Protein chains: 2
Amino acid sequence: MIPAGYREPVETRELRYFVAVAEELHFGRAAQRLGMAQPPLSRAIQRLERRLGVTLFDRTNRTIALTEAGTVLLREGRAALDAVAAAERRTRRAVSGRPGLVLVTKAGATGELLSKLLDAYAAEPGAATVDVLLCQPGEQERLLRDGRADVALLHRPFDSTSGLDAEELYTEGQVAVLPAAHPLTNRPHLRTADVAALPGLPLPRWPGPGGTYPPGPGPEVRDHAQLLQLIALGRASAILPDSCLPHLDPRLAAVPVLDAAPVTTVIAWPPHSRSLPLAALIRIALRLGSEHGSAALVQGG
Amino acid sequence: MIPAGYREPVETRELRYFVAVAEELHFGRAAQRLGMAQPPLSRAIQRLERRLGVTLFDRTNRTIALTEAGTVLLREGRAALDAVAAAERRTRRAVSGRPGLVLVTKAGATGELLSKLLDAYAAEPGAATVDVLLCQPGEQERLLRDGRADVALLHRPFDSTSGLDAEELYTEGQVAVLPAAHPLTNRPHLRTADVAALPGLPLPRWPGPGGTYPPGPGPEVRDHAQLLQLIALGRASAILPDSCLPHLDPRLAAVPVLDAAPVTTVIAWPPHSRSLPLAALIRIALRLGSEHGSAALVQGG
DNA sequence: GGCCGTGATACCCGCCGGGTATCGTGAGCC
DNA sequence: GGCTCACGATACCCGGCGGGTATCACGGCC
C-alpha cells in the first residue's frame, strides 16, 4: 500500500522547533521560548534530522552551530512557516461577507499618497474597509508573506519586492536633510560623497532584517521622526526622498543630491491574491501614482 | 505561561488532508488517496474547522462544496504545502559539498539557448552539475515553488513569473504554423484574426493548471511535438514563437503574424535563493540572451 | 419502501509527544 | 588536576490523540 520511497512529511511543529533552536543556538532557551521542557525538544530535533537524513547542528557538546543544511532549512523553514501562517490568517479572514483589506507601509513615509489613496478608494462604490498598519522599515515584506497584510506601499531600492507582485507608482529624487544652520545648505545641490563624510553628522544606521543594526559610526534609528529629531539636534544627517519636504521641521533644511539613486514608490501584494477589492485598490493607486508623477514633473520642470 | 489568545498552529498533515478533500470533494475518495480510512479524515477536517473558527465545506448531506473560506484555504494551503516541501527538499540537497542545480523548462522549447547555456556554464571554473528537467507547459512554476527545481526558463506571456524573481533574456515575434500546402502560406504576413478562425484548422487547447483543458473546438495537446504533428496532418494550426523555425518539419510552413504578442524568454528562480552557482548561471544566461537578441536583430534586418 | 452511497458517530488501541529524573562530558576555575 | 557547572543526551513514564473498525443517520433512486 505504502509506495516505496515514501517519507513522512515534515510537520509545522517540527519546523517551529527547529527555527527556535536555530535562532537561539541553545536548546534550553529555545525550549523555554517554546513553553516546553528541553528533552522533548532535543528528541524532536533528532527525529527531524533522522527524517531528513541530514545533520542540522554541529554539536560540540558545549555549544551548537548550524550546518550548511541547517542554514538552508532555517531560511526555507521560516518561509514555509510564514506561508502556513498566511494560509491560516487569510482563511480566518475570509468568512463570507467581510472583505476588508490590510494595507501596510513604513511609519512616516508616503503621507500624502496614502491619505489620497484611502480617500479615493473609500469613495469607490462597494469599497471594502481598509485597515492601515504602520511598521518599521523592512518589516512590510514579512507582513505580506505571513498574511497579516494584504497590500503594501514600498520604496525601491530600500525595500525589496522579491517574491511579490508590484506596480510602480512614481519615482522621485532624493535630498540631503541637514540642520538649517549647516553651511552646506547654501549650496544649490550636493553629491552623495559630500554628505557621506560630514564631520559630526554621520548617516544613521537602520535595522536590518531581524532587528540588528550594522556596525558603523552613525546613530541607530528606527523611524523617520526619530531621525529628523536627531538631525535637528545636530547629531546626524540623512539622504531622504523628495516627498519628505512638505512636513519638514523649520530647524531642518534640504538640498537636492544629484547622484543619489532615485526612489520609486510601488504598491506590492503577495502573488496569486486576486480579490476584487485588492484589484480596485491597485487600480486607484496606479491612477493616483501617475497623477502624482505628472504633478511632480510640473513642479520640477 | 500560555499567552492569552494562543491558538494551536495548523499542522501540515491537516493541510494535506484538507487539500485532498477539497480537490476530490468526496471524503471517501480523499481518504483512499491519503491511504487512510474515512472517519479519521472527517474528524480531522472537523477539528481543523473548529481550530480555524471557520466552516470550510458546505455539507448538503449527499455532496460537499467548498465555502468561500475553503476556497481561500485551498489556494493558500497549496502554497504553504509547496513551501514546506521546498524546505524539505532543499535541505536534503544542501548536504555540504554537492551544490548541483536543477533547471526546468518546457519540453520542445528553447532548444538552442538551453544547450548553449549548459555548455557555457559547464565551461565555467567551479561550475556545479546542472540537471535538466523537461515538463509540461505551466508546470515549471510549481517545480520552482516546491523545491524540485532551482531555476527555470519561462516564456512570457504564456508562463507567469508571479512570485518569482526573473530576468529577461530576449524577445521574439510569433509565426503562424500551417500545413505547407495551405493557401495562406503564400501571404507575406498574417494577423491573429486570420489564423484564429481557419476552417478545419482550429488553434489547439493547452492544459491549464491542474491538467484540465478549457472547452473549445481545437484538439487537446500536451507538447510541441504533438502539436506540430497535428498541424502536419492538417488538423490544427498554431501561433508559435519565431524560435520554432529552425526545427520545422518540411510538411509545415510558417508565416509571420504581425499583431501577435511578442514572446519574452526569461530566466526565473525562487526569491531569496542566493547560491553562488545559481548566480553564475543567471549571469551567463543574461550574456547569452543579449547576444541572442542582437543576432536576431541582424538576421531580421 | 428497500437499498445504496455518503458523511458522522461510537468506541478501542497503540504510538508518540511531552514531562521528570538522571547521566556524560567538556569548559572553566582555583 | 580535581571540582563544579552548564548543557545536551538518555531513560522511563504517562496521557492524549491519531487512526482503525463497526455502526448510525439520512437522502436520492429505482
Side-chain angles (χ1 to χ4, degrees), chain A residues 1-3 6-52 54-67 70 73-74 77 81 84, chain B residues 1-3 6-52 54-67 70 73-74 77 81 84:
Chain A
M1 286 303 116
I2 293 180
Y6 174 85
R7 327 185 90 120
E8 294 241 337
V10 171
E11 292 297 326
T12 62
R13 183 170 6 94
E14 304 180 285
L15 284 182
R16 284 189 302 119
Y17 289 1
F18 169 75
V19 170
V21 176
E23 284 177 356
E24 300 283 348
L25 287 179
H26 190 292
F27 278 79
R29 278 195 301 276
Q32 197 174 354
R33 205 174 96 182
L34 292 166
M36 66 188 291
Q38 169 258 321
L41 181 57
S42 288
R43 279 192 316 174
I45 300 294
Q46 290 172 34
R47 190 173 44 241
L48 181 61
E49 289 180 313
R50 258 204 325 276
R51 183 172 298 176
L52 291 173
V54 162
T55 70
L56 298 169
F57 293 103
D58 281 328
R59 285 118 158 137
T60 58
N61 199 358
R62 184 71 175 186
T63 179
I64 58 178
L66 276 173
T67 63
L73 187 59
L74 180 56
L81 287 177
V84 173
Chain B
M1 284 305 118
I2 292 180
Y6 173 85
R7 328 183 90 120
E8 293 241 337
V10 172
E11 293 297 327
T12 62
R13 185 170 4 94
E14 303 180 286
L15 284 182
R16 284 189 302 119
Y17 289 2
F18 168 77
V19 169
V21 176
E23 285 178 356
E24 300 282 347
L25 287 178
H26 190 292
F27 278 78
R29 278 196 300 275
Q32 197 174 353
R33 205 174 97 182
L34 293 166
M36 66 188 291
Q38 168 258 322
L41 181 58
S42 288
R43 280 192 314 174
I45 299 294
Q46 290 173 35
R47 191 173 42 240
L48 181 61
E49 288 180 315
R50 259 204 324 275
R51 182 172 300 175
L52 292 173
V54 161
T55 71
L56 299 170
F57 293 102
D58 281 328
R59 283 111 159 144
T60 58
N61 198 357
R62 183 71 176 187
T63 178
I64 58 178
L66 275 174
T67 64
L73 186 58
L74 180 55
L81 287 177
V84 173

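Just so it is clear, the model here is predicted, and its values are computed rather than measured. In what follows, every chain begins at residue 1, and chains take the letters A, B, ... in the order their sequences are listed.
B:Tyr17 comes within contact range of the sugar-phosphate backbone alone, with a heavy-atom separation under 4.0 Å but no base atom that close. Nucleic acid contact class of A:Gln38 (heavy atoms, under 4.0 Å, all strands): base.
Smallest separation of non-hydrogen atoms from A:Tyr17 and A:Ala44: CD2-CB, 3.7 Å.
The side chain of A:Ser42 places an N or O atom within less than 4.0 Å of a non-bridging phosphate oxygen (OP1 or OP2) of D:dA9. Note on A:Arg43: every side-chain N or O is 4.0 Å or more away from OP1 and OP2 of C:dC16.
Note: A:Leu41 CG to A:Gln46 CD = 10.0 Å, rounded to the nearest 0.5 Å. We find the CG-CZ distance between A:Leu66 and A:Phe57 to be 5.0 Å, quoted to the nearest 0.5 Å. Note that the OG1 atom of B:Thr12 and the CG atom of A:Leu81 stand 10.5 Å from one another [nearest 0.5 Å].
Atom pair A:Glu11:CD and D:dG18:P shows a separation of 10 Å (rounding to whole Å applied). Between the P atom of C:dG26 and the CG atom of A:Asp58 lies a distance of 16 Å, rounded to the nearest Å. Computed from coordinates, the A:Met36 CE to C:dG19 C1' distance equals 10 Å when rounded to whole Å. A:Phe27 has its CZ atom 16 Å from the C1' atom of C:dG24, to the nearest Å. A straight line from NE2 of B:His26 to P of C:dA8 spans 12 Å, rounded to a whole angstrom. Taking atom CZ on B:Arg50 and atom P on D:dC17, their separation rounds to 10 Å, with Å as the unit. Rounding to whole angstrom units, CD1 of residue A:Ile64 and P of D:dA6 are separated by 17 Å. Distance A:Arg51 CZ to C:dC16 C1': 11 Å, rounded to the nearest Å.
Of the residues in residues 28-35 of chain A, those with a non-hydrogen atom less than 4.0 angstrom from any atom of DNA chain D are A:Gly28.
The 12-atom threshold is exceeded at CD of B:Glu11, counting heavy atoms of other residues, nucleotides or ligands nearer than 6.0 Å.
Nearer to the 5' terminus of DNA chain D, by closest-nucleotide assignment, is the contact made by B:Ala44 (compared with the other of B:Pro39 and B:Ala44).
In this structure, of D:dA9, D:dT21, C:dG18, it is C:dG18 that holds the atom nearest to the side chain of A:Pro40. Among the nucleotides D:dG8, C:dA8, D:dG19, the one closest to the side chain of B:Arg59 is C:dA8.
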For residues 19-27 of chain A, run the donor-acceptor check on the side chains, cut-off 3.5 Å, and write out each pair with its distance to 0.1 Å, sequence neighbours left out.
from	atom 1	to	atom 2	distance (Å)
A:Glu23	OE1	A:Arg33	NH1	3.2
A:Glu23	OE1	A:Arg33	NH2	2.8
A:Glu23	OE2	A:Arg78	NE	3.2
A:Glu23	OE2	A:Arg78	NH2	2.9
A:Glu24	OE1	A:Arg29	NE	3.4
A:Glu24	OE2	A:Arg33	NH1	3.0
A:His26	ND1	A:Gly28	N	3.1
A:His26	ND1	A:Arg29	N	3.0

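Annotation: salt bridge (Lys or Arg N to Asp or Glu O under 4.0 Å) contacts of A:Glu14 (sequence neighbours excluded): A:Arg47, A:Arg51.
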